[in-house]
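Heavy-atom basis, side chains included; hydrogens, waters and symmetry copies ignored. These numbers were taken from a predicted model, which means no experiment stands behind them.
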Amino acid sequence: MRIIALSGETKESILQDLLKRSPNNYSEYEDTVNQIIKRVREEGDQALFDYTQTFDHFSLTAENIRVTKEEIAKAYACLDPGFVEILRESAQNIRVFHTKQLRNSWFDPKEDGTILGMKITPIARAGVYVPGGKAAYPSSVLMNVIPAKVAGVKSIVMTTPPGADGKINPGTLVAADIAGVDEIYRVGGAQAIAALAFGTKSIPKADKITGPGNIFVALAKKAVYGHVSIDSIAGPSEILVLADGTANPRYVAADLLSQAEHDELASAILITTSKELAKKVSEQVEEFVKQLSRKEIIQKSLDNYGYILVAECMEDAIAAANEIASEHLEILTRNPFETMTHIRNAGAIFLGEYACEPLGDYFAGPNHILPTNGTARFFSPLSVDDFLKKTSIISYSRPALEKVHEKIETFAENEGLTAHANSIKVRFE
């Protein structure tokens with residue numbers, strides 16, 4: 001990996017480089033995505049059948065679009081029972097963590113007859129997109145579905161692209177069953193997002209769409225936002241390791257590569273105050289890459305978006321980490337908990353040499369659907385809150401309103417909204 005001295009110029013250059021990976025920079029595909037969405041809105045199922053034949057080479061029909069219970073049972077039989085148990089244990093960890101996020105409706109009554117509050121209600125139907133293609137990710141199924149179940153969502157619909165034989169990855173189906181998906185449809189791409197956003201004869205309209213996907217899926221989610229809610233416009237995966245001279249270079253190198261293997265656009269960055277660590281990590285990365293199965297993807301990722309930045313002090317390193325606002329941030333310093341107190345922007349923070357990033361991807365419990373491309377400055381991980389609606393509650397008695405009615409009338413008249421003022425006045429004529 002290239003080793004660069006951290007400075008204002010290098011930091012700015014890297015930030016600009018990373019932002020090039022954002023789905024917001026792929027406008028050349030927007031027309032294609034918009035055409036797909038338009039056709040699904042107009043033609044419904046027929047458009048889904050045609051696009052599935054074109055893109056996935058499978059003859060989709062109204063009779064086979066929905067995955068059956070028998071297919072799910074066969075999926076269990078295809079998996080090693082030990083792996084099924086691991087999926088169940090992971091699901092339980094995710095469920096326990098997200099249950100702690102639940103909030104209840106609340107009301108605050110006062111003696112003067114004022115009642116204010118917040119009514120918290122789950123959305124009616126969640127739509128979950130699960131990618132197919134290069135790899136299947138049962139972990140993402142668990143991470144998307146379980147928060148919705150914990151929130152109390154009554155109907156969860158999942159779409160995922162089929163193979164040319166029409167089959168869905170068994171791990172995906174088993175994870176969906178364990179998590180509690182109600183309906184599964186073998187449709188992928190932008191057309192699946194359009195179906196979830198607007199509904200077709202076969203696929204019901206969702207209130208919110210979550211889940212990662214390729215650039216066409218990301219742009220489709222962006223296009224339908226407003227018609228439905230979405231989790232985020234996800235970009236390629238990224239990891240930033242913040243380390244001092246006490247870090248184990250072998251661990252650091254392994255963790256950087258754990259994200260570089262996702263795809264050629266993935267980003268892996270080490271920021272350290274130790275030139276010696278930087279050199280050892282670079283050497284270890286080269287050794288690991290030779291041994292790993294996805295070495296071509298890893299090497300392209302490192303060549304394009306892999307950096308080792310050497311900072312003069314930890315304060316500069318932390319400042320750079322906050323500006324990059326990485327999806328995953330590992331802190332491998334002498335006192336990682338103290339270092340963590342200075343971090344403002346990160347999707348998920350991993351503390352200490354035994355809290356490596358894959359722990360969060362698969363098993364610990366916190367959600368791995370995280371903000372990317374610097375959006376951790378203002379976005380949060382997927383959570384139970386994403387599947388809840390909050391409605392304000394207001395109730396005033398006559399005496400309570402009488403005490404403030406003139407102030408409200410004055411406020412309304414100051415804004416030139418005399419009908420607002422009159423709505424108050426008529427109650428005290």
[atom2] on [Y] to [atom1] on [X], rounded to 0.5 Å:
{"X": "Glu261", "Y": "Lys295", "atom1": "CD", "atom2": "NZ", "result": "13.0 Å"}
{"X": "Ser140", "Y": "Ile369", "atom1": "OG", "atom2": "CD1", "result": "4.5 Å"}
{"X": "Ile146", "Y": "Lys149", "atom1": "CD1", "atom2": "NZ", "result": "10.5 Å"}
{"X": "Ile120", "Y": "Leu388", "atom1": "CD1", "atom2": "CG", "result": "6.5 Å"}
{"X": "Met118", "Y": "Phe107", "atom1": "CE", "atom2": "CZ", "result": "10.5 Å"}
{"X": "Leu309", "Y": "Arg2", "atom1": "CG", "atom2": "CZ", "result": "9.5 Å"}

- Message: Assess the residue pair Leu116 and Ile394 against the criterion (side-chain contact (heavy atoms from CB on, under 4.5 Å)); give the C-alpha distance rounded to whole Å, side-chain angles, the decisive distance to 0.1 Å, and a yes or no.
- Response: CA-CA 5 Å; Leu116 302 178; Ile394 302 168; 4.0 Å; yes

- Go through the steps to decide whether Ile65 and Ile203 satisfy the test side-chain contact (heavy atoms from CB on, under 4.5 Å), and finish with yes or no. CA-CA 9 Å; Ile65 189 171; Ile203 299 178; 4.2 Å; yes

Indicate the atoms forming the closest heavy-atom contact of [X] with [Y], along with that distance.
{"X": "Gln191", "Y": "Leu48", "value": "O-CD2, 3.4 Å"}
{"X": "Asp45", "Y": "Ser202", "value": "OD2-OG, 2.6 Å"}
{"X": "Pro381", "Y": "Pro371", "value": "N-CD, 4.0 Å"}
{"X": "Pro122", "Y": "Lys389", "value": "O-CE, 4.2 Å"}
{"X": "Thr200", "Y": "Ala195", "value": "CG2-CB, 4.0 Å"}
{"X": "Pro204", "Y": "Val157", "value": "CG-CG2, 3.8 Å"}

- Apply side chain to side chain donor-acceptor pair (under 3.5 Å) to Asp303 and Gln299, showing your working. CA-CA 6 Å; Asp303 290 345; Gln299 194 58 59; 3.0 Å; yes

Is atom [atom1] of [X] surrounded by more than 12 heavy atoms (other residues, nucleotides or ligands) closer than 6.0 Å?
{"X": "Lys205", "atom1": "NZ", "result": "yes"}
{"X": "Gln92", "atom1": "CD", "result": "yes"}
{"X": "Glu9", "atom1": "CD", "result": "no"}
{"X": "Tyr362", "atom1": "OH", "result": "no"}
{"X": "Phe411", "atom1": "CZ", "result": "no"}
{"X": "Phe337", "atom1": "CZ", "result": "no"}
{"X": "Glu276", "atom1": "CD", "result": "no"}

Between [X] (side chain only) and [Y] (backbone N and O only), is there a donor and an acceptor less than 3.5 Å apart?
{"X": "Tyr305", "Y": "Ile269", "result": "no"}
{"X": "Asp386", "Y": "Ser383", "result": "yes"}
{"X": "Arg377", "Y": "Glu323", "result": "no"}
{"X": "His368", "Y": "Asp361", "result": "yes"}
{"X": "Thr52", "Y": "Phe49", "result": "no"}
{"X": "Thr160", "Y": "Val130", "result": "yes"}
{"X": "Ser13", "Y": "Thr10", "result": "no"}
{"X": "Glu330", "Y": "Cys356", "result": "no"}
{"X": "Asn93", "Y": "Phe363", "result": "yes"}
{"X": "Gln284", "Y": "Arg250", "result": "no"}

In terms of side-chain heavy atoms, does [X] have a donor or acceptor partner in [Y] at a distance below 3.5 Å?
{"X": "Asp244", "Y": "Thr246", "result": "yes"}
{"X": "Ser155", "Y": "Asp182", "result": "no"}
{"X": "Thr333", "Y": "Thr339", "result": "yes"}

- Message: Tell me which pairs pass ring pair (Phe, Tyr, Trp, His ring centres under 6.0 Å) where either residue lies in residues 209-233, with sequence neighbours left out.
- Response: Tyr29-Phe216, Phe198-His227

State, yes or no, whether a side-chain contact exists between [X] and [Y] at a heavy-atom distance under 4.5 Å.
{"X": "Pro236", "Y": "Ser267", "result": "no"}
{"X": "Thr159", "Y": "Leu196", "result": "yes"}
{"X": "Asp50", "Y": "Arg39", "result": "yes"}
{"X": "Val174", "Y": "Pro138", "result": "no"}
{"X": "Ser237", "Y": "Leu370", "result": "no"}
{"X": "Thr172", "Y": "Met158", "result": "yes"}
{"X": "Arg103", "Y": "Lys390", "result": "yes"}
{"X": "Gln101", "Y": "Asp385", "result": "no"}

Do the side chains of [X] and [Y] get close enough for a salt bridge, i.e. N-O under 4.0 angstrom?
{"X": "Lys300", "Y": "Glu296", "value": "no"}
{"X": "Asp56", "Y": "Arg186", "value": "no"}
{"X": "Lys221", "Y": "Asp231", "value": "yes"}
{"X": "Glu71", "Y": "Lys74", "value": "no"}

- Verdict with reasoning, His420 to Glu415, per side-chain contact (heavy atoms from CB on, under 4.5 Å): CA-CA 10 Å; His420 279 62; Glu415 292 189 346; over 6 Å; no

- Note on the structure: Partner of Ile271 under side-chain contact (heavy atoms from CB on, under 4.5 Å), picked from Ile318, Ile308, Ile324, is Ile324

- With sequence neighbours excluded, residues passing salt bridge (charged side-chain N to carboxylate O under 4.0 Å, His left out) with Glu12: none

- Message: The test is side-chain contact (heavy atoms from CB on, under 4.5 Å); show your working for Gln259 and Ser301 and say whether it passes.
- Response: CA-CA 9 Å; Gln259 293 307 290; Ser301 169; over 6 Å; no

- Item | Candidate pair Glu283 and Lys279, rule salt bridge (Lys or Arg N to Asp or Glu O under 4.0 Å), full reasoning | CA-CA 6 Å; Glu283 293 170 352; Lys279 183 173 180 294; 2.7 Å; yes

